[in-house]
Structures are given as C-alpha cells and as structure tokens.
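These numbers were taken from a predicted model, which means no experiment stands behind them. Proteins come first, then strands; the chains are lettered A, B, ... in the order of their sequence lines, and each starts at number 1.
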2 protein chains.
Amino acid sequence: MPIEALQRPLSLRQQVYERLRTALRAGEYRPNQRLTEIGIADALGVSRTPVREALGLLSREGLLSPMPHGGFKVPDLQVDDLNDIFELRYLLEPYAAGLAARNAYHEGVTGMHVAIQTEKQCLIDSDNIAFVQASQDFRNRLFSMAGNRRLASAISQIEGHVQFIRTETFDDWKTRTVLIASQERILEGVRLRSAEEAAKAMRALLTTTKNTLLAALQQYNADAAPEAHF
Amino acid sequence: MPIEALQRPLSLRQQVYERLRTALRAGEYRPNQRLTEIGIADALGVSRTPVREALGLLSREGLLSPMPHGGFKVPDLQVDDLNDIFELRYLLEPYAAGLAARNAYHEGVTGMHVAIQTEKQCLIDSDNIAFVQASQDFRNRLFSMAGNRRLASAISQIEGHVQFIRTETFDDWKTRTVLIASQERILEGVRLRSAEEAAKAMRALLTTTKNTLLAALQQYNADAAPEAHF
DNA sequence: TAGGCATCTATTGAATACAGTATTCTTATA
DNA sequence: TATAAGAATACTGTATTCAATAGATGCCTA
C-alpha cells in the first residue's frame with residue numbers, strides 16, 4: 001500500500017506569515033495601527049526573526065505599508081485604492097474565468113459545484129467562517145483551472161490588498177444569495193465551456209463585491225472619523 | 001526653494017536585494033544554480049541575516065524558486081513559463097498603455113520622448129547598459145502615467161520573472177531598432193490620447209519582445225543541454 | 001515660563017550562536 | 001567489487017545578543 005508522504009512541520013516563519021495574513025484579512029488590526037516586531041513576537045511566543053521575515057513579505061505584498069523609520073503599519077484603504085484594485089480585478093478575473101471555461105475539466109467543475117453546495121449549507125447554518133472558506137475554495141479551483149499559475153498568483157495578491165473584508169462584511173443573507181447566484185452563473189459558463197459567459201458572470205460578481213466593499217468602507221470611515229479628531 | 005529630501009543610508013538588506021536583483025536580471029547566475037546564504041553573505045561581506053531577508057523577498061517575487069529542503073535556486077524558465085508570463089503581460093500592459101493615453105499629461109509625454117532619444121543615442125554609442133536603462137525608464141514613465149499604482153506594480157512584478165534578459169539578449173541592432181519603432185508608436189498613441197492606438201502598439205512591442213526571448217531561450221537551452229548529461 | 005540640552009527608553013537593523021537535518025564521503029563487510 | 005552503515009560536512013531555521021537611532025521626558029537656564 002502507498003504510504004502517506006509525511007509532511008514536515010511548517011516553518012515558524014510560514015506559520016507567522018499565515019497567521020498575520022488571515023488576521024489582517026479578518027480586520028483584526030485597525031488601519032494605521034502600528035505593528036511592532038516585538039509585540040507580535042511576544043504575542044505569538046516566538047522570536048523576532050521569523051516575525052521580521054513574515055512582516056517583510058507582507059509588506060512586499062502590500063498588506064502592510066512600511067513606516068518612515070522602520071516598522072510597519074496597517075494601510076488604510078481609501079475609495080481611490082478600491083477603484084485601483086477593482087480596475088485590476090476586472091481585468092484579471094474575468095479573463096481567468098474565461099480561460100477556466102476553455103480548459104474546463106471534470107474534477108475542477110465538480111469541486112466548484114461542491115464549493116457552492118457547501119456555501120448554501122453554510123448559509124443555512126449561519127456559519128460565516130466556513131462560508132468564507134468555501135467561497136475562497138470556489139475561487140481557487142476556478143483560477144487553478146485557468147492553467148496559468150502566474151495569473152492565479154497575481155489575482156491572489158491583488159485580492160489580498162482588500163484586507164478589511166471581515167467576515168461580517170458579507171454577513172447579510174441578501175448579499176450572500178446574490179454572491180452564490182453569480183458563482184452559479186460562472187460555473188454554468190464553465191460547464192458550457194463558454195468563455196464569454198463565464199467572464200460576464202465574473203464581471204457581475206465583481207460588481208456586486210465592489211459595491212458591497214464600497215458600502216462597507218464608507219460605513220467604516222464614517223465610524224472611524226470621530227477618532228481622527230484626537 | 002524646495003529642499004531635497006535627505007536620504008538615509010540604505011539598509012544592508014536593501015542593498016543586498018538590489019544587488020542580487022540586478023545580478024539575476026543580468027544573468028550572472030545560471031538557471032538551476034543553487035544560491036546559498038553563506039556563499040552570498042561571504043561574497044558581499046555581510047552576515048546571513050540581510051541576505052536571508054533579501055532572498056525571501058526575491059523568492060516571493062518569483063525571481064528565485066525555493067528548494068524542497070530550504071534554500072533557493074535560480075528558476076529555469078521553460079517555454080511554458082514564457083507563455084504564461086506573456087499571456088499576463090498581453091493582458092496588463094496594453095491595458096495600461098491605453099490608460100496612459102487617456103490620462104496623458106505633458107511631463108510624462110516629454111519624459112517618454114527623452115527616453116526614446118536617449119535610446120537612439122545609446123544605439124549609436126553601442127552603450128548596452130544605458131540602453132536597457134533608458135528602455136526601462138520609458139516603461140516606468142508610461143505605466144506611471146496610467147495612474148494605477150497597483151497595476152504598475154503587477155506589471156513590474158511579472159516583468160521581473162523574465163530574468164534571463166541579459167543585456168546581450170537584445171544586443172543586435174535590428175531588434176533594438178524595431179523596439180524603438182514600437183515605442184515611438186506607443187508614444188504617438190499616447191500623444192493623440194488614443195487608447196486603442198497605444199494598446200495596439202504595445203501589443204506589437206510585446207510580440208517582438210516575446211519572440212526575441214523565445215529565440216534566446218531556445219538558444220540558451222540548446223547551449224545548456226550538453227551539460228545536462230553529466 | 002519657554003526653549004534648549006541631555007538622558008533614557010523603545011524599537012529596529014545586523015551579527016552571531018545554536019540546533020536540527022540532509023547530503024556526501026569513507027570505511028568495513030559480504 | 002559492491003553495498004550499506006556511520007561519520008563528517010554543509011546548510012538552513014531559529015534564537016539571542018549587540019549596536020544604532022529616533023522619540024520622549026525631564027531638567028536646567030535665560
């Protein structure tokens with residue numbers, strides 16, 4: 001029988017990186033909040049070295065912005081940033097969806113279908129975290145089916161720039177239903193191997209996402225404004 | 001009068017990063033060659049720490065690929081990789097050129113013009129290094145005029161993946177002349193504020209570039225093949 | 001009381017030390 | 001002679017230590 005390849009433990013740097021990345025995407029840190037190596041190292045119970053390296057990577061990816069005299073802070077997105085980001089996403093993601101439709105293969109399609117079913121179940125169970133995970137799974141399978149790793153990597157990077165997607169942002173039933181409907185249209189396009197259909201559906205999905213994020217951002221800035229006077 | 005921003009001394013990490021990046025782009029290391037922290041640290045006369053961090057960044061950018069048990073090697077591009085890379089560049093760069101045409105402003109256009117004139121002079125002087133620099137300058141000005149920093153950053157990243165662009169690759173007079181002609185067409189499109197013209201010219205430029213690189217890659221692999229038998 | 005100077009602290013940048021692991025070379029035995 | 005075991009080597013991952021610098025605080029003087 002084939003024995004399972006034993007997986008070596010992830011390096012600390014990798015763990016710290018993942019942890020911080022998800023924390024940032026979950027909105028655990030406030031915009032403009034300064035992150036100190038020591039603080040994080042202490043909090044995670046590791047030395048500064050792996051933290052240093054993780055921070056460097058995150059900064060390179062744009063999830064943290066470097067401060068003038070060393071150190072990093074959480075960048076605060078403005079509407080302009082969101083426009084830039086989505087301009088890029090409009091360019092990349094529909095194209096990738098089209099590629100996926102052209103290259104569609106059974107396993108990938110099945111995986112996407114399963115992801116959508118999972119999302120529906122999560123909607124019923126009100127399991128927000130699992131929903132977001134399933135949604136991410138859908139995207140991963142779609143973009144991996146596109147067959148261009150560098151394209152997928154570019155998408156994943158730019159997607160990471162929108163880090164105030166707390167799970168709550170998409171928490172309402174209506175938004176999620178629309179989201180699922182869009183994904184089903186994408187899947188349908190992929191099934192039919194229609195690049196144009198898949199791309200069109202992806203554009204619709206992006207529009208929904210952008211509007212939701214815009215609203216969340218404005219809400220957020222409105223909330224944060226009073227603090228700014230201090 | 002505006003005083004000059006005083007520049008603090010570059011950190012060692014930054015210096016090592018720059019040094020390695022230019023070395024990689026200049027083709028100083030061979031594909032599949034393993035880069036050891038200690039080796040580089042000794043060669044540059046610094047400790048492993050800044051080297052580690054620089055290597056990590058380069059790896060994240062795709063200029064180095066991580067090895068299974070730690071360490072990095074110079075990735076060897078295959079034709080497939082080149083196709084992936086140019087698929088992405090075809091998507092991003094013509095679009096960016098179009099944006100630049102739409103947003104065109106005097107200073108940027110002038111800068112692009114100067115860059116082209118510099119290239120012509122370098123062609124006469126046979127100054128390869130300066131030619132490549134001027135060419136890079138042209139691109140930077142163009143993409144910065146597009147007004148979307150994240151788009152420009154994505155382009156710069158994917159461009160970095162083609163690191164075997166030694167200066168020699170574009171060394172022949174004919175290729176460079178064609179290159180300059182394409183750039184002039186792009187500039188013309190930008191001047192006329194015609195997004196479509198600029199994008200079209202950029203596509204032509206990319207086609208030239210890709211073909212040149214493909215030829216160089218095949219040449220390179222043919223050269224390298226005999227070694228592989230040892 | 002206000003401004004300048006010195007000191008103290010917090011934090012990063014860099015170097016070194018230590019541990020674990022993979023690879024390679026050597027040696028012994030079948 | 002070939003193969004396998006064991007030792008030596010090389011390298012990475014992580015921690016710790018040292019150095020430098022910026023910012024803050026408090027004191028002293030005009």
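For B/Ser153 (side chain) and B/Arg149 (main-chain N/O), no donor-acceptor pair under 3.5 Å exists by modelled atom type.
In terms of the side-chain contact (heavy atoms from CB on, under 4.5 Å) criterion, residue partners of A/Ala154 (sequence neighbours excluded) are, by chain and number, A/Leu92, B/Leu88.
Among the heavy atoms of the strands lying under 4.0 Å from B/Thr36 are primed sugar atoms or P, OP1, OP2 only; no base atom is included. Residue A/Arg48 is classed as a base contact, given a heavy-atom separation below 4.0 Å to a base. If you check every strand for non-hydrogen atoms under 4.0 Å, B/Leu12 touches sugar and phosphate atoms only.
With rounding to whole Å, A/Glu37 atom CD is found 15 Å from D/dT14 atom P. For the pair B/Leu35 CG and D/dC11 P, the interatomic distance rounds to 12 Å; values are reported in whole Å. Taking atom CE of residue B/Met67 and atom P of nucleotide D/dA10, one finds them 16 Å apart after rounding to whole Å. Rounding to whole angstrom units, CD1 of residue A/Ile40 and C1' of C/dT12 are separated by 13 Å. If you take NZ of A/Lys73 and P of C/dT12, they are 15 Å apart, rounded to a whole angstrom. At whole-Å resolution of the value, CZ in B/Phe72 and P in D/dC11 are 15 Å apart. At whole-Å resolution of the value, CD in B/Gln14 and P in C/dT12 are 17 Å apart. What separates CZ of B/Arg34 from P of D/dC11 is a distance of 7 Å, to the nearest Å.
With C/dG13, D/dA15, C/dT16 as the candidates, the nucleotide lying closest to the side chain of B/Ser47 is C/dT16. In the set D/dT14, C/dA14, C/dT12, D/dT14 carries the atom at the smallest distance from any side-chain atom of B/Arg52. Listed nucleotides D/dT12, D/dG13, C/dG13 differ in distance to B/Ile38; the shortest reach to its side chain belongs to D/dT12.
In the displayed structure, A/Arg102 atom CZ is contacted under 6.0 Å by at most 12 heavy atoms of other residues, nucleotides or ligands. Within a 6.0 Å sphere centred on CZ of A/Arg150, heavy atoms belonging to other residues, nucleotides or ligands number more than 12.
Regarding contacts with the backbone of C/dA14, every side-chain N or O of B/Thr49 stays at 4.0 angstrom or more from both OP1 and OP2. Side-chain nitrogen and oxygen atoms of B/Arg13 include at least one within less than 4.0 Å of the OP1 or OP2 phosphate oxygen of C/dG13.
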Pair B/Leu24, B/Leu64 - check side chain to side chain contact (heavy atoms under 4.5 Å, CB included), show working. CA-CA 9 Å; B/Leu24 283 169; B/Leu64 293 176; 3.9 Å; yes
